[in-house]
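To find a chain, count down the sequence lines: A is the first, B the second, and so on, and within it residues start at 1.
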Amino acid sequence: MRKKVVAKIIEDAAKLLGVEALPPVEIEIPRNEQFGDISATAALTLAGILKKPPRKIAEEIVDSIRDKSQFEKIEVAGPGFINFTFSKEYLASEIRQLLKQGKKFLREDIGQGKKVQIEFVSANPTGPLHLGHGRGGATGEALANLLMAAGYRVEREYYVNDAGRQVKLLGLSVFARYQQHLGAEYPFPEEGYRGGYIEDIAQEIVRLHGKDFLQASFTSAEDFFTGYAYEKILQGIKDDLRDFGISFDTWQSERELFTEGVVAKSIAELNEKGFLYEQDGAIWFKATAFGDEKDRVIIKQDGEYTYFTSDIAYHRGKLEKRFDELIDIWGADHHGYIPRIHAVIEALGHPKEKLKVLLVQMVTLLRGGKPVQMSKRAGEFVTLREVIDEVGADTTKFIFLTRRPDSQLEFDLEVAKAQSAENPVFYVQYAHARINSIFLHARDQGIAVENIPDAKLELLSQPEEIRIMKKLLLYPMVFEGAVSAHEPHRITFYIQELAGFFHPYYNKHRIVTEDIPLTAARLALCDAVSIVLREGLEILGMKAPEKM
RNA sequence: GCGCCUGUAGCUCAGUCGGAUAGAGCAACUGCCUUCUAAGCAGUGGGUCAGGGGUUCGAAUCCCUUCAGGCGCGCCA
């Protein structure tokens with residue numbers, strides 16, 4: 001059932017009443033089942049316009065609805081709600097469509113081939129991924145899957161900050177450890193990276209190259225050490241992402257923005273357009289002209305570029321690729337950066353709405369209620385990999401995807417581990433595995449499983465069965481809402497609820513019995529549930545196991 | 001000081017472009033495995049939606065304000 005189908009019915013009816021400028025018809029799913037399957041507040045909204053009591057308007061709208069075949073009843077309730085209850089025939093025919101079309105029935109082509117790029121994770125290749133990156137990753141992956149299911153063409157991009165001060169510092173940290181490892185006295189940089197992985201890389205270089213660089217200055221060895229270290233770390237990041245179930249289509253290197261001249265071109269363009277000026281020996285971008293609170297330096301007094309400069313080039317590159325929509329997923333600590341990047345978008349001649357920045361709030365890591373210190377430089381942090389190993393990838397993802405991205409999250413390792421056996425993700429996956437097992441059993445009993453889509457679904461009359469069918473039909477509405485709001489977590493809650501309808505049904509009613517037609521109908525229902533669970537889990541980037 | 005986010009059951013969180021009696025999981029307690037998977041089911045208890053004021057037929061939701069927590073306000077990245 002699509003929202004707009006019902007909205008259309010009401011709009012048509014309202015037009016018969018002579019309403020011309022109809023406000024958008026809101027359709028909602030009532031939380032209480034006694035208020036029908038879907039509900040409209042149109043009469044309440046119209047009351048102000050028509051200067052008539054809402055209940056009266058509601059009744060008139062209901063009277064004007066011509067084709068009521070999809071509904072068992074349409075009631076006016078409360079202050080003027082119009083509550084629709086689906087007819088059994090309609091339910092059966094819709095479920096039949098679901099079984100025949102599968103995922104196609106669940107997806108709607110909202111995007112119509114529009115090109116979207118989602119940039120996420122983009123952690124600096126100066127150390128392993130931590131839990132916060134995991135949250136961004138899980139969110140970005142699910143959003144990408146969601147938009148793809150909605151007919152968008154999605155590109156997933158990871159922006160690799162392989163240029164600039166941080167990677168240089170990384171190289172220097174490794175170089176210092178290398179020297180120290182070979183017994184040389186070499187000062188460790190004040191701000192250097194102190195994690196154990198730096199040691200590992202230094203030792204590896206000792207193994208492979210011995211004392212080749214012992215007498216070298218850092219300046220002469222910089223390219224080697226920096227390059228070696230960041231490539232090593234980037235490979236580790238890629239491995240972590242793979243094991244977490246996250247994939248990227250493109251890896252945009254910051255360094256290439258310089259070597260391919262994109263940075264120079266960007267500066268030239270901004271200069272031509274008159275958005276640059278010189279002051280105090282530095283070059284500034286007039287961000288205030290586009291609503292930012294201050295202008296920003298793009299070339300420092302010492303002639304070096306800032307991080308912002310490559311980011312200008314990076315976003316200019318994105319704009320040139322002609323995506324219909326750009327989405328950046330950032331950690332919430334970067335929120336102050338939004339006005340300035342929007343300023344860039346506008347300065348380059350695009351509406352700032354072209355780029356949506358989705359902020360993912362911080363993850364506070366706890367162990368047994370106590371905060372775990374997270375400092376990459378000091379080398380004190382729990383990596384994403386450790387968390388995956390400890391609590392599992394799907395469980396970790398589920399914890400992220402049962403929350404709105406903009407809520408701060410306390411992730412307690414002890415609680416997560418203790419709850420991993422109780423984690424709701426298993427509840428959903430278990431329903432899927434269970435249905436699979438029912439089918440195996442049915443086959444053993446010699447039931448012709450392949451004829452399931454032709455089963456007489458009208459035989460399903462138990463309240464639990466009706467409830468499940470109705471829930472299944474609401475999926476497209478949930479999907480639509482999740483897509484337009486860019487909120488994958490709505491799918492998470494939906495599949496939990498669906499599983500929550502299935503388990504009690506399974507417990508109360510036997511699926512496979514002597515009654516062959518009824519068995520077929522119930523198997524068909526199970527199949528439908530399974531299809532929707534699989535679709536939901538796939539969007540969220542989680543496994544739909546055949547058995548558990 | 002200014003800006004952004006958050007505050008809902010003991011805990012972790014949904015619900016927030018205004019809708020009907022505020023929901024789920026965990027934790028607690030009582031039951032259910034010789035029959036398709038007990039990672040399950042049935043049931044019980046649990047709320048000043050941070051506080052105050054306002055807007056209206058109607059507010060957890062919108063506006064104002066106070067309090068509490070997080071984050072940001074670099075010629076760092």
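No side-chain donor from either of D406(A) and Q361(A) sits under 3.5 Å from a side-chain acceptor of the other.
Taking a centre distance below 5.5 Å and an interplanar angle below 30 degrees as the stacking criterion, Y430(A) does not stack against the six-membered base ring of rG40(B).
With RNA chain B read from its 5' end, the first of the two nearest nucleotides for E546(A) and E410(A) is the one closest to E410(A). Nucleotides of RNA chain B nearest to L409(A) and Y506(A) differ in position, and the one nearer the 5' end is that of L409(A).
Nucleotide rG45(B): unpaired (no Watson-Crick or G-U wobble partner with both distances less than 3.5 Å). rA22(B): no Watson-Crick or G-U partner with both key distances under 3.5 Å is found in any strand. Under the Watson-Crick or G-U wobble criterion, with both distances below 3.5 Å, rC67(B) is paired with rG7(B). Using the Watson-Crick or G-U wobble rule with both distances under 3.5 Å, rG40(B) pairs with rC32(B). Both distances falling under 3.5 Å, in either a Watson-Crick or a G-U wobble arrangement, place rG1(B) opposite rC73(B).
A donor and an acceptor atom sit less than 3.5 Å apart, one in the side chain of Q408(A) and one in the base of rG69(B). The base of rA20(B) lies close enough to the side chain of S39(A) for a donor and an acceptor atom to sit less than 3.5 Å apart. Judged by atom type and distance alone, R404(A) reaches the base of rU16(B) through a side-chain donor-acceptor pair under 3.5 Å.
Taking F501(A) as the reference, nothing meets the ring pair (Phe, Tyr, Trp, His ring centres under 6.0 Å) condition, with sequence neighbours excluded. Applying the ring pair (Phe, Tyr, Trp, His ring centres under 6.0 Å) criterion to F175(A), with sequence neighbours excluded, gives Y186(A), F218(A), F225(A). For D37(A), the side-chain hydrogen bond (donor to acceptor under 3.5 Å, both in side chains) test picks out K470(A), with sequence neighbours left out.
On the P atoms, rA20(B) is 50 Å away from rC75(B), given to the nearest whole Å. For rA24(B) and rG43(B), the P atoms lie 12 Å apart once the distance is rounded to whole Å.
Here the side chain of H334(A) pairs no donor or acceptor atom with the backbone of W330(A) at under 3.5 angstrom. Proximity of a side-chain donor or acceptor of R255(A) to a complementary backbone N or O of D162(A) within less than 3.5 Å is detected.
Side-chain contact between R443(A) and E450(A) is absent, with no heavy-atom pair separated by less than 4.5 Å.
Aromatic pair F120(A)/Y158(A): ring centres not closer than 6.0 Å. Aromatic pair F81(A)/F35(A): ring centres not closer than 6.0 Å.
Near RNA chain B, meaning a heavy atom under 4.0 Å from it, residues 330-344 of chain A has A332(A), D333(A), H334(A), H335(A), G336(A), Y337(A) in order of number. Contacts between residues 73-83 of chain A and RNA chain B, counted as heavy-atom distances below 4.0 Å, involve A77(A), P79(A), F81(A), N83(A).
Annotated as anti: rC26(B), whose O4'-C1'-N torsion sits more than 90° from 0.
In this structure, E254(A) reaches neither bases nor backbone, as no heavy-atom distance under 4.0 Å exists between it and the strands shown.
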Name the atoms and distances for all side-chain donor-acceptor pairs under 3.5 Å in residues 276-284 of chain A, with sequence neighbours left out.
unit_1: Y277(A); atom_1: OH; unit_2: D295(A); atom_2: OD2; d: 2.6
unit_1: W284(A); atom_1: NE1; unit_2: Q279(A); atom_2: O; d: 3.1

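Considering only side-chain atoms of P504(A), the nucleotide from rC76(B), rA42(B), rG19(B) that sits closest is rA42(B). The side chain of I438(A) lies closest to rC36(B) when the candidates are rC13(B), rC36(B), rC75(B).
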